[in-house]
Amino acid sequence: MTKINKEILDGGYNPTKFEKGIYEKWEKSGYFNPDNLPDKESRTEKFNLVVPPPNVTGTLHMGHAAMLAIEDTAVRFERMRGKDVLWIPGSDSASIATQSKVERDISKNEGKSRHDLGREELLKRVNAFAVDSKATIFSQFRAMGASLDWSREAYTMDQKRNLAVVTAFKKMYDDGLIYKGNRIVNWDPKGQTTISDDEVVYKEEKTKLYYFKYGPFTISTARPETKFGDKYVVMHPEDKRYKEYKHGDKLKVEWINGEIEATIIKDEVIDMEFGTGVMTITPWHSKEDFEIAKRHNLNFEQVIDKYGKLLPMAEEFSGLKITDARSKIVEKLKSKNLVEKEEIYTHNIATAERSGGNIEPQIMEQWFIDVNKKIKDRNDKSLKELMLDAVSSKNILINPDRFEKTYFNWINNLHDWCISRQIWFGHRIPVWYKDGEVFCDVEAPEGSGWVQDEDTLDTWFSSALWTFSTLGWPENTLDLQKYHPTTLLETGYDILFFWIARMIMMSTYLLGEAPFKHVYLHGLVRDGKGQKMSKSIGNIIDPVDLIEKYGADAVRMSLMVGNAPGNDLKLSEDKVKGYKHFANKIWNATKFLEIKNVFDENVTEEIKKVEKDELILRELTDLVKEITFDLEKFNFHLASDKLYQFFWKRFADEIIEDSKIILNNLENKFSLEEINSRKSTLKILLETQLKLLHPFMPFVTEVIWSEFLGKEKMLMVTDWPKV
RNA sequence: GGGCGAUUAGCUCAGUUGGUAGAGCAACGCUUUUACACAGCGAAGGUCAGAGGUUCGAGUCCUCUAUCGCCCACCA
C-alpha cells in the first residue's frame, strides 16, 4: 500500500526540514532497544557493541562523527538483517581532562584555584559541567542519526559503573594484582599528579648539553639542576679508558657544593660511544638511573620536590625552580672551573599529555597493577599473557590486522600500570586506613576513625571495564549473559593501548573471556590538507555545523567513502557538499518515478518482466550480494562508494534515462506489458537501493520510504534484501 | 635505534585471491530537453615513486633504494 504525500514533493531535498522529526519517530518507536524489535523471537543471532564513550569535556569532533557513522551503519545493517541488535551509548568522566578543563575555566572566570574551592565544591562544579557536556554530546549523537538504545545509557561514574570499578579493584587487590609501592613514576608538576607511561608524550627539544669535570672524569648532562646528589659515577666494564678504576672504588671529587665522596659503578647499559662514556646518576629522578641504582643496591636521594623546586640538600639553591636553578648552577660550576664545554643538541623531553607540563620522574608511593604476576584462576597466566593470548589465539580479530603487531610490541614492553592519580575528580580508591591497618572493600568499613585513600583512579581503569560494566556487571544480569562478549569494538587506532588493550586485560581476567570478537580501527580525521585538526591551527570542522549546512546523511557518507580501516581520512567541505548533492539526487529520482506513476498500486513486483528488465534485476541482485559481502567484512568504504556509483551512474543516468523512452511511449512502440514490466523494475530498483542505502544515509532514505512513499513499516526495521 | 604505513589523473583517494588502469572533486567543450544546473552529454588527463626479481602476465607477490607520515623505545 503506498500513500504518496504529494505536498513534500516540491523542490529538492531539504535535510533540516526532516531530520529532527525522523529521529524522534525512530526513537519513539522503541526499535533502538532490542527488547522492542519486531519479530523478536526470530532474531536468534545477536550483534552488539558499546559506543566508545566520549569525554565529557565539551563537544564532539569529526573523529566522533566518523565513529558514529561507521557504528550506526553496521548497527542498522544488522538490525535490518534480522539480528538482535544492541548498541549502548555512554560517556566518560575522563578525570584529568575534565577536571583540568573546569579548573581552567574557574581560574579564568573567577581567578580561583581548586584549593580555594576545596574538594567538595570543585567536584560539584565538575559534575555540573559533566552533566551539561553530556547533554550537548548526546544531542549531537542524535543529530548524526545514531540508533542507540538510550534506555541503557551509561556513564563511567554513575552508580552501576562505580560498583563495577570498586568490585574490580577489590578482586585485584585480593588477588595481589594491585599493590601499593614505592617506585619511580611519571610525576607531572604542572598537573600535580602521576600519569601512566602511555600518557607521557615525548617532544623534541633543542637544549644545551654541558660537560662538567667530575674528579678525574668528564661527564655530560642536560640537567645540571639534578646533579647535587650524584654520588655514583658509572662506566662500562669493558671500557679500556677507565680500566684502572674498579667497581666500588671510592674517590673524593670537588662538586657543586664542595667536596663529596663518589663511588665507581660498572654497568653494561653505558654506551661507550656517547660523550666520554662516563655518567653520574640521579636515581630519584630518572627511570634509567633508578634501574641502575636498583641493580647495584645504591642509595636514593630526592633532589626536586613535587612542585619542581630544589630541596634543602641543594643548599644555596634550595627553593629555586629548576629552570631558574639551571643557569645559576652552571655559573657556579664555571666559577669553580669545572665546566669544560657546552654544546647544543636535540633530545626528547617527556611531557604530560593533558597538562603539557614537563614530566619530573619521582620515587613515590603509588598504586600499581602487576602485569607479570601469575594468576591462579587463570591457569597461572599473568595479565600480560592473558592479553597476548586473546589476540594470538585469534579469539579477537583486529582489522586492519597489521595492528596486531603493534599490539604485541606494546605488550612485550609493558611495565606495571600506575593507576593512582592525585586529582579529585574520578573514582576514589576503595581503600581505608586506620592505625596502620589497611582495609579494601567495595564499601567503607564500619566503625569510626577510618580514613579513605586520597587518590583517584586513572580514568582508563573504568574505561577498561566498559564492555561488561555497561551490561550490568558485577551483577549477573540477563544483558550480561546475552551480550557479552560483545560482537564489535569500533574506535580510533590512537587508543589501541589506552583502551583496547586494557579492556582485553580486564575482561580476560575478571570474566575469563575476550571483551569482543572484532576490533575495527578507523583513522584520524584530518582537514583537506592532511593537517591534524586542532584549535591552535584553527582548522577544526564542527560536525554540527556540517550537519546543519549539508545534512547528516551527507556528513555520514563523506566519512565513509574512501575511509579504509586504519587509514587517516582527509575531509574537505567539498566532499560533504558532493554527498548532499547525492541525497538530492535520490530525492529527485524518486520524484520522477512518482510522476511517471511507477508507484501505482497496480504496478506490483509480480508483474512478468521482459528480458531486458530481467537482466537489469540480475545486476541489482549482484549489487545486493556485493554490498552485503562488503558490510559483513566491515568494508564500509567500498560498499558506500559502490552504492553511490550504482545509483547515480547506472540507475539514474542510464536505466532511468532509457526508461523515459518506454514510459513516455511517444511513438506507441511499446506494449502495455513492456511498460508495466519497466515500471515494476524501476520500483524494485528504487526500493532495494533505499534499503541498501539506509545504513549509510538513514534520514533521506527513511523520509522517502515512510513519508514520501507512505510505507507503513519504517525502513529502519524493514528486511534487508534477500541475497 | 625498532616497527608500521603511504607514494596510482591537477587535488582527494579506490583498486578484496596477480589477468588489457578507476571514481569523486577541479579544469575544458557542448546542452537550459517537464526528476534533478545540487543536472546531463562529451572530450582531456596516469611509463601506478625508482631499480631489480618471480610469472605467460604485476598497481597487485619478493628484494633493495628514495621521499613523506605515524607509533614505540630512548643516550646521559
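Note on naming: letters A, B, ... go to the chains in the order of the sequence lines (proteins, then strands), and numbering restarts at 1 for each one.
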(message) Taking 4.0 Å as the cut-off, does a side-chain nitrogen or oxygen of A/Lys570 come that near to OP1 or OP2 on B/C11?
(response) no
(message) Mind checking if A/Asn567 touches a base, just sugar-phosphate, or nothing, with heavy atoms under 4.0 Å?
(response) sugar-phosphate
(message) Tell me whether A/Lys549 is salt-bridged to A/Glu573, with the criterion being a basic N under 4.0 Å from an acidic carboxylate O.
(response) yes
(message) Taking B/C56 as the reference, what is the distance to B/G50 when you measure between their P atoms (whole Å, please)?
(response) 24 Å
(request) Answer yes when A/Glu343 and A/Lys208 have at least one side-chain N-carboxylate O distance shorter than 4.0 Å, and no when they do not. (result) no
(request) Write down the distance between NZ (A/Lys591) and P (B/A39), rounded to a whole number of angstrom. (result) 14 Å
(request) Select one nucleotide: of B/A35, B/G3, B/G40, the one nearest the side-chain heavy atoms of A/Glu657. (result) B/A35
(request) Would you mind telling me which of B/C38, B/C25, B/A35 lies closest to the side-chain atoms of A/Phe592? (result) B/A35
(message) Check this for me: does the side-chain of A/Lys585 come within 3.5 Å of the base of B/C36 through a donor and an acceptor?
(response) yes
(request) Tell me yes or no: between the side chains of A/Asp230 and A/Thr282, is some donor less than 3.5 Å from an acceptor? (result) yes
(request) Please state the P separation for the pair B/C72 and B/C38 - nearest whole angstrom. (result) 46 Å
(message) How many whole angstroms separate atom CG of A/Leu571 from atom C1' of B/G24?
(response) 13 Å
(message) How would you summarise protein contacts on nucleotides 69-76 of chain B per nucleotide, using B for base, S for sugar-phosphate only and - for none, with heavy-atom distances below 4.0 Å?
(response) --SSBBBB
Name the pairs: protein N/O against N/O of nucleotides 27-33 of chain B, kept only if under 3.5 Å.
none

(request) May I ask you to check if A/Lys580 and A/Tyr550 form a cation-pi contact, with NZ or CZ under 6.0 angstrom from the six-membered ring centre and within 45° of the axis? (result) no
(message) I'd like the C1' distance from B/U47 over to B/U12, given in whole Å.
(response) 23 Å
(message) Is a donor from one side chain sitting under 3.5 angstrom from an acceptor on the other, for A/Lys384 and A/Asn412?
(response) no
(message) We want to know whether A/Glu268 and A/His236 form a side-chain donor-acceptor pair, criterion being a heavy-atom distance below 3.5 angstrom.
(response) no
(request) Applying ring pair (Phe, Tyr, Trp, His ring centres under 6.0 Å), name anything that partners A/His637, two or more places apart in sequence or on another chain. (result) none
(message) Taking 4.0 Å as the cut-off, does a side-chain nitrogen or oxygen of A/His637 come that near to OP1 or OP2 on B/G15?
(response) yes
(request) Take atom CZ of A/Phe651 and atom C1' of B/C36, then tell me their distance rounded to the nearest Å. (result) 13 Å
(request) Using side chain to side chain contact (heavy atoms under 4.5 Å, CB included) as the criterion, list what pairs up with A/Pro361, not counting sequence neighbours. (result) A/Ile184, A/Ile359
(message) Applying a 4.0 Å non-hydrogen cut-off, can you work out what A/Lys575 is touching in the nucleic acid: base, sugar-phosphate, or nothing?
(response) nothing
(request) Determine the interatomic distance between P on B/C68 and the same-named atom on B/C74; round to the nearest Å. (result) 26 Å
(message) Can you check the distance between B/G3 and B/C13, where both ends of the measurement are the P atom (answer in whole Å)?
(response) 27 Å
(request) Not counting sequence neighbours, which residues clear side chain to side chain contact (heavy atoms under 4.5 Å, CB included) with A/Phe498? List them please. (result) A/Asp198, A/Glu199, A/Glu353, A/Trp460, A/Ile495, A/Arg502
(request) Report yes if the side chains of A/Leu643 and A/Leu623 come closer than 4.5 Å at any heavy-atom pair, otherwise no. (result) yes
(message) What is the separation between atom CZ on A/Phe582 and atom P on B/G24, rounded to the nearest whole Å?
(response) 12 Å
(message) Please report the interatomic distance CG(A/Asp267) to NE2(A/His296), rounded to the nearest 0.5 Å.
(response) 3.5 Å
(request) Could you check how far CZ of A/Phe708 sits from P of B/A35, rounded to whole Å? (result) 13 Å
(request) Report the distance from atom CD of A/Glu204 to atom P of B/G1, rounded to the nearest whole Å. (result) 13 Å
(message) Show me, range against range, the stems involving RNA chain B, built from at least 3 consecutive Watson-Crick or G-U pairs below 3.5 Å.
(response) B:1-7 with B:66-72, B:10-13 with B:22-25, B:28-31 with B:39-42, B:49-53 with B:61-65
(message) Checking side-chain polar atoms at under 3.5 Å, does A/Thr263 have a donor or acceptor matched by the opposite partner on A/Lys231?
(response) no
(message) In whole Å, measure the gap between the P atoms of B/C75 and B/G53 for me.
(response) 45 Å
(request) Determine the interatomic distance between P on B/U20 and the same-named atom on B/G57; round to the nearest Å. (result) 15 Å
(message) In whole Å, measure the gap between the P atoms of B/G45 and B/A9 for me.
(response) 14 Å
(message) Taking atom types as they are modelled, would you say the side chain of A/Lys580 forms a donor-acceptor pair with the base of B/C38 within the 3.5 Å cutoff?
(response) yes
(request) Using whole Å, report how far OH of A/Tyr579 lies from P of B/C13. (result) 13 Å
(request) For A/Lys642 and for A/Arg402, find the nucleotide of RNA chain B with the closest heavy atom, then tell me which residue's nucleotide is more 5'. (result) A/Arg402
(message) Hydrogens and angles aside, do A/Asp630 and A/Thr628 bring a side-chain donor and acceptor to less than 3.5 Å of each other?
(response) no
(request) Check whether NZ of the Lys or CZ of the Arg A/Lys660 lies under 6.0 Å from the centre of the six-membered ring of A/Phe592 and within 45 degrees of that ring's axis. (result) yes
(request) For A/Ile704 and B/A35, give me the distance from atom CD1 to atom P, rounded to whole Å. (result) 17 Å
